[in-house]
K.L.:
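Have a look at the structure that comes next, please.
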Amino acid sequence: MTDDRKSGTALIAGSLGGILTMAIHPTGAASATPGQTEHLALVSGIAHSIAIVSFLVMFLGACGLTRRLAGFTRTANPDRLAFAALVTFGLACVAVLNATAVSGFIIPGILRHMVRDGAETFPQYRLIMGAVFEFNQAFARIYSVAASAAIALWSLSALRNGGLGRIVALYGCLVAALLTLAIVAGHLRLDVHGMAAVVLGQAIWFVVTGVQLVRAPASALGSPGPTRESPAS
C-alpha cells in the first residue's frame, strides 16, 4: 500500500470516527440518580475516547496529505501553504483534545460528585459546571476555526499547484469560510448539535480527499509542474 493510500485511509477512518462520536454523544442533562449519572459518564467516556483516537489518526493522514500537496509545487521552493495547513491543523488537534478531555472526563466526574453530595450542593456545582463548559466552548471554537483554516489552506494549495480535484478544493474553501464566519459572528453555538454541523461539514472534505488519495494512482490527481531547476522540455 502506497503512502497516499495509507494517508487517505487514515483521513477517512478518522473522519468517520468523528461522525460516530457525535452520533453517540449524550445530549441530555444528567439525572440526579447515581445509576443514570454513571450511564452518562460511561457513554461520554466512550464517545470522547473514540474522538481522541480519531483525531490522532486524522493527523497522521494530514501529514501524508501535506507531503503529497507539497510535492506538486510548480517552483523550486516547497509549497508553504500545505505546510502552514499542517501546522494549523496541529493546533486544532491540540484544542480538540482539550475539549474532549473536558467534555468526556472532567464534566462527568463533576456530575458524579454533584449526585453523591446531594441536592443541597447543586447550586455550587452548577456554577462549576458553567465555568467548565465555557472552557470547553473556548477549545471547541479554537478547533473549529483552526481546522477550517487548515482545510482552506490545503484547498488553496491544491487550486494553486494541483494534487486534489478542483471541486473538492473549491468545497474546502467554501465550507471553511462559511463555518468560520458562522462561529465568529456567533450564529453557530458549539453545543452538541453545533459541533455535529462542524464535524460533518469538515468530514465531507476529509472523506472525499481521502477517497481521492486511496483510489487514484500517483499521477491521477495531477502531476507536479516543471520547477525552475527542471524546466519543461
Side-chain angles (χ1 to χ4, degrees), residues 10-11 13-30 37-38 40-63 65-66 83-114 124-154 175-176 179-203 205-206:
L11 290 176
S15 298
L16 294 179
I19 293 173
L20 177 61
T21 296
M22 301 314 302
I24 67 175
H25 194 295
T27 57
T37 300
E38 287 300 324
L40 176 75
L42 175 62
V43 174
S44 184
I46 292 173
H48 291 88
S49 294
I50 293 172
I52 290 171
V53 174
S54 297
F55 281 103
L56 174 61
V57 172
M58 284 187 68
F59 186 76
L60 292 173
C63 292
L65 172 63
T66 300
F83 180 74
L86 181 63
V87 173
T88 305
F89 191 67
L91 171 64
C93 288
V94 171
V96 79
L97 290 179
N98 280 289
T100 54
V102 170
S103 184
F105 305 104
I106 295 177
I107 290 179
I110 295 173
L111 288 174
R112 287 192 185 101
H113 286 292
M114 184 172 71
Q124 294 91 330
Y125 276 112
R126 291 189 186 282
L127 288 174
I128 296 173
M129 289 279 290
V132 173
F133 179 74
E134 290 302 321
F135 281 108
N136 174 270
Q137 286 289 286
F139 287 124
R141 284 192 293 269
I142 292 171
Y143 161 75
S144 300
V145 173
S148 295
I151 289 173
L153 289 169
W154 277 315
V175 74
L179 289 175
T180 300
L181 288 173
I183 293 168
V184 172
H187 297 308
L188 184 60
R189 180 174 173 80
L190 297 178
D191 52 13
V192 175
H193 300 293
M195 276 304 299
V198 171
V199 169
L200 180 60
Q202 295 176 349
W205 187 88
F206 280 115

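Values below: every heavy atom of this structure, side chains too, minus hydrogens, waters and symmetry copies.
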K.L.:
For Phe89 and Phe206, take the angle between the two ring planes, folded into 0 to 90°, and tell me which bin it lands in: parallel under 30, tilted 30 to 60, perpendicular over 60.
P.N.:
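Tilted, since the angle between the ring planes falls between 30° and 60°.
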
K.L.:
At their closest point, which heavy atom of Ala149 faces which heavy atom of Thr88, and how far apart are they?
P.N.:
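Answer, listing the atom of Ala149 first, then Thr88: CB-CG2, 4.0 Å.
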
K.L.:
Please report the shortest heavy-atom distance between Gly104 and Ser44, naming the atom on each side.
P.N.:
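Smallest heavy-atom distance, with atoms named: CA-OG, 3.5 Å.
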
K.L.:
If I take atom CG from residue Leu190 and atom CZ from residue Phe139, how far apart are they, to the nearest 0.5 angstrom?
P.N.:
14.0 Å

K.L.:
Return yes if some donor-acceptor pair links the side-chain N/O of Asn136 with the main-chain N/O of Val132 below 3.5 Å, else return no.
P.N.:
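Checking the backbone N and O of Val132 against the side chain of Asn136, no donor-acceptor pair under 3.5 Å is found.
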
K.L.:
What pair of heavy atoms forms the shortest contact from Ala176 to Ser148, and how long is it?
P.N.:
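Closest approach of Ala176 to Ser148: CB-O, 3.0 Å.
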
K.L.:
What's the separation between atom CG in Leu40 and atom CD in Glu38, rounded to the nearest 0.5 Å?
P.N.:
9.5 Å

K.L.:
Does Thr21 use its side chain to pair, donor to acceptor, with the backbone of His48 at less than 3.5 Å?
P.N.:
no

K.L.:
Ile107 versus Met129: any side-chain heavy-atom pair under 4.5 Å?
P.N.:
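Counting from C-beta outward, Ile107 and Met129 do come under 4.5 Å.
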
K.L.:
Identify the two heavy atoms, one from Ala99 and one from Ala140, that lie closest to each other, and give their separation to 0.1 Å.
P.N.:
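Minimum heavy-atom contact is CB-N, 4.2 Å.
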
K.L.:
Please examine the side chains of His193 and Met22, heavy atoms only from C-beta on, and report whether any two atoms are closer than 4.5 Å.
P.N.:
no

K.L.:
Taking atom SG of Cys93 and atom CD1 of Ile52, what is their separation to the nearest 0.5 Å?
P.N.:
12.0 Å

K.L.:
Can you tell me how far the CG atom of Leu111 sits from the CD1 atom of Ile106, to the nearest 0.5 Å?
P.N.:
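Between Leu111 CG and Ile106 CD1, I get 12.0 Å after rounding to 0.5 Å.
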
K.L.:
How close do Val57 and Ala13 get, heavy atom to heavy atom, and via which atoms?
P.N.:
CG1-CB, 4.5 Å

K.L.:
Calculate, to the nearest 0.5 Å, the distance between atoms OG and CD belonging to Ser144 and Gln202 respectively.
P.N.:
6.0 Å

K.L.:
Measuring only between side-chain heavy atoms, which start at C-beta, is Met114 closer than 4.5 Å to Gln124?
P.N.:
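Of all side-chain heavy-atom pairs linking Gln124 with Met114, none is under 4.5 Å.
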
K.L.:
A side-chain contact here means heavy atoms from C-beta on lying under 4.5 Å apart; do His187 and Leu181 qualify?
P.N.:
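Of all side-chain heavy-atom pairs linking Leu181 with His187, none is under 4.5 Å.
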
K.L.:
Measure across Pro26 and Val192 and return the closest heavy-atom pair with its distance rounded to 0.1 Å.
P.N.:
O-CG2, 3.8 Å

K.L.:
Starting at OG of Ser15, measure out to CG of Leu200 and round the result to the nearest 0.5 Å.
P.N.:
10.5 Å

K.L.:
Using modelled atom types only, decide if a donor and an acceptor are shared between the side chain of Thr100 and the backbone of Leu97 within a distance under 3.5 Å.
P.N.:
yes

K.L.:
With under 30° as parallel and over 60° as perpendicular, where do the rings of Trp154 and Trp205 fit, or are they tilted in between?
P.N.:
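Because their plane-to-plane angle is under 30°, the rings of Trp154 and Trp205 count as parallel.
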
K.L.:
Answer whether the closest heavy-atom distance between the side chains of Cys63 and Leu86 falls below 4.5 Å.
P.N.:
yes

K.L.:
Judged by atom type as modelled, is there a donor-acceptor pair below 3.5 Å linking the side chain of Ser54 to the main-chain atoms of Ile50?
P.N.:
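Such a contact is found between Ser54 side chain and Ile50 backbone.
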
